[in-house]
Amino acid sequence: MTKVEDTQNTNQETGMKNPKEFESAIRPEKNQAFQVIRHGNVKFEHPHPNVYVARILIANASWVKTTEGTVLIDTLIGPAVAKKMFDKIHETSGPVKYIIYTHGHMDHVGGANVFTEDSPEIIAQRYIMERFEKYRILAEHRARIGRIQFNLPFLESRGPSFVNPTRLYDESMTFTLGDKTFELYHARAETDDHTWVFVPEIRAAFVGDLIVAGYPNVGNPFKPTRFALSWARALEAVREKEPEMVVAHGGHAVYQGDEAREILDVNIEAIKVIHDQVVEYINKDIPVDEMIQMVKLPDHLKDHRYLRFVYSRPEFAVYNIYRWYHGYFDHNPAHLLPRPEKEVNEEVFQLIGDGEAILKRAGDLLEQGQAQLALQILDILLKHSPEDTGARKLHLKILEVLHEEDYCLMSRNTWVYFMERDKEILGIKD
Ligand SMILES: [Zn+2]
């Protein structure tokens with residue numbers, strides 16, 4: 001049985017036990033983006049006498065109490081929330097002897113500096129160091145995409161605040177502390193530096209972002225490729241341990257007994273079924289822009305309560321898996337060494353020679369329920385005349401239609417970001 005403890009507020013947004021409840025709790029209003037990076041609210045769960053989970057909206061961290069101190073798995077997104085967790089750990093379990101990073105994403109490593117006074121050993125998979133380096137050299141780019149994906153203000157680099165691991169491993173490692181054993185396994189999954197942890201004495205698996213609230217984050221339009229097949233295999237390896245408890249990330253955190261088996265089964269199948277279709281279509285030489293319309297989840301998975309498209313979605317997974325297996329060249333010689341799109345676009349625009357015709361056609365397509373096609377046709381005019389007020393207004397209208405029923409964070413927040421840019425250009429104030 002799971003005990004939920006509220007820390008210091010009555011905000012229910014992170015207190016949801018049911019994934020659908022969670023989804024509706026964070027569902028944004030019209031014209032609004034998802035806001036998942038909030039500091040301050042931390043919920044604690046105590047699903048087992050020796051296991052605690054700290055939850056914020058986007059991520060969790062967990063700790064295991066042993067007879068000789070605490071092993072902390074992940075550190076939340078930053079010092080403010082990590083400090084609350086630090087206090088709770090010291091109140092319930094004693095000093096932190098080890099920190100395990102499940103991977104180098106900010107919402108897992110960002111709170112580590114709060115724990116330095118405990119002088120823990122910090123363990124991570126070896127590739128995390130390249131990840132931290134990447135974050136430093138791409139700080140400006142990452143601030144830009146964070147602004148779109150998470151609706152954030154343009155943030156300065158956070159790279160220097162990372163706390164480096166004190167110990168790196170390659171494939172796997174095991175250590176013991178007091179009465180518990182910690183088995184660490186490397187996986188290429190959402191990242192190339194992922195670690196999942198199994199504690200045999202309590203049959204608990206801590207899987208990091210191998211499992212999140214909703215459809216697995218196998219594809220992200222802003223980020224490098226994820227690793228679909230090895231991800232599914234990592235989850236199969238977790239399943240082989242027959243865990244009685246799976247601690248995952250994002251909203252619903254703790255799955256026990258039959259729930260643990262089910263969450264593993266459906267995530268494995270959801271990744272494999274998309275992966276296998278992409279492989280089949282690559283072998284049939286289907287272009288990726290056709291593939292994203294063709295690849296489908298089977299009916300028993302597409303409405304599954306554990307696989308809602310709240311963060312990622314299958315189309316993003318298709319692009320991602322395609323990129324993992326396929327180079328950029330789509331076997332059309334026009335695309336081997338192309339001229340810039342704006343140059344080709346200008347030729348097409350001059351051939352049409354009539355911005356009004358493009359505007360009308362895009363408007364008609366929107367009326368006919370083809371918002372995406374309308375967006376692409378309108379682009380021919382907008383690339384030629386970015387300041388055209390009529391075109392900009394229609395652009396905004398199309399994005400408003402696209403965002404309306406879209407509750408997948410990454411696509412919705414993208415529509416909303418560009419709606420806000422259109423409003424700025426048009427001088428519209430909310
Ligand atoms: Zn992650």
Side-chain angles (χ1 to χ4, degrees), residues 14 22 26 34 36-38 53-62 72-78 81-82 99-112 122-135 138 142 145-146 148-150 152 155 158-159 161-163 165 184-197 205-228 230-232 234-235 238 246-253 263 267 270-271 306-307 309-313 316-317 320 324 408-410 413:
T14 56
F22 168 76
I26 63 166
F34 279 93
V36 294
I37 300 184
R38 295 176 186 167
V53 179
R55 298 165 53 201
I56 57 174
L57 201 48
I58 193 170
N60 308 315
S62 320
L72 175 63
I73 301 162
D74 288 332
T75 65
L76 301 177
I77 197 167
V81 284
I99 294 175
I100 301 167
Y101 289 156
T102 60
H103 59 301
H105 279 163
M106 192 67 189
D107 52 333
H108 298 257
V109 302
I122 303 178
I123 304 173
Q125 203 281 335
R126 185 170 301 284
Y127 291 149
I128 204 168
M129 299 311 294
E130 282 181 28
R131 177 165 301 278
F132 287 170
E133 181 186 15
K134 178 172 79 172
Y135 292 167
L138 286 168
R142 290 182 55 77
I145 62 176
I148 303 173
Q149 186 178 340
F150 294 113
L152 292 170
L155 295 173
R158 286 166 153 179
S161 69
F162 290 128
V163 179
L184 280 58
Y185 298 96
H186 173 220
R188 290 184 306 170
E190 191 201 36
T191 60
D192 57 1
D193 63 342
H194 209 287
T195 294
W196 63 273
V197 182
F206 300 85
V207 299
D209 279 351
L210 296 183
I211 294 174
V212 295
Y215 187 78
N217 182 20
V218 182
N220 178 326
F222 302 95
K223 303 282 171 64
T225 188
R226 275 77 167 96
F227 303 87
S230 51
W231 187 330
L235 287 173
V238 176
V246 170
V247 180
H249 274 262
H252 192 61
I263 191 85
N267 272 273
I271 296 170
Y306 290 160
L307 298 174
F309 306 153
V310 290
Y311 190 67
S312 187
R313 57 195 294 163
F316 295 157
N320 176 86
W324 175 243
C408 167
L409 181 145
M410 287 193 278
N413 285 11

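When a ligand or atom number is given, it counts from 1 through the structure's own listing order. Just so it is clear, the structure is predicted and the values come from calculations on it, not from any experiment.
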Between Phe206 and Trp196, does the ring centroid distance fall short of 6.0 Å? no
Could you work out, with salt bridge (charged side-chain N to carboxylate O under 4.0 Å, His left out) as the rule, every residue matching Asp209, not counting sequence neighbours? none
For residues Gln125 and Asp193, is any side-chain donor paired with an opposing acceptor at under 3.5 Å? no
Give me the protein N, O or S atoms that fall under 2.8 Å of the Zn ion (ligand 1), sorted by chain and residue number. His103 NE2, His105 ND1, Glu190 OE1, Asp209 OD2
Residues that His108 engages under ring-ring contact (aromatic ring centres under 6.0 Å, His included), provided they are two or more places apart: His103, His249
Honestly, is Arg313 close enough over Tyr215, meaning NZ or CZ under 6.0 Å from the six-membered ring centre and within 45° of the axis? no
Could you pull out all residues at least two apart from Arg188 that satisfy salt bridge (charged side-chain N to carboxylate O under 4.0 Å, His left out)? none
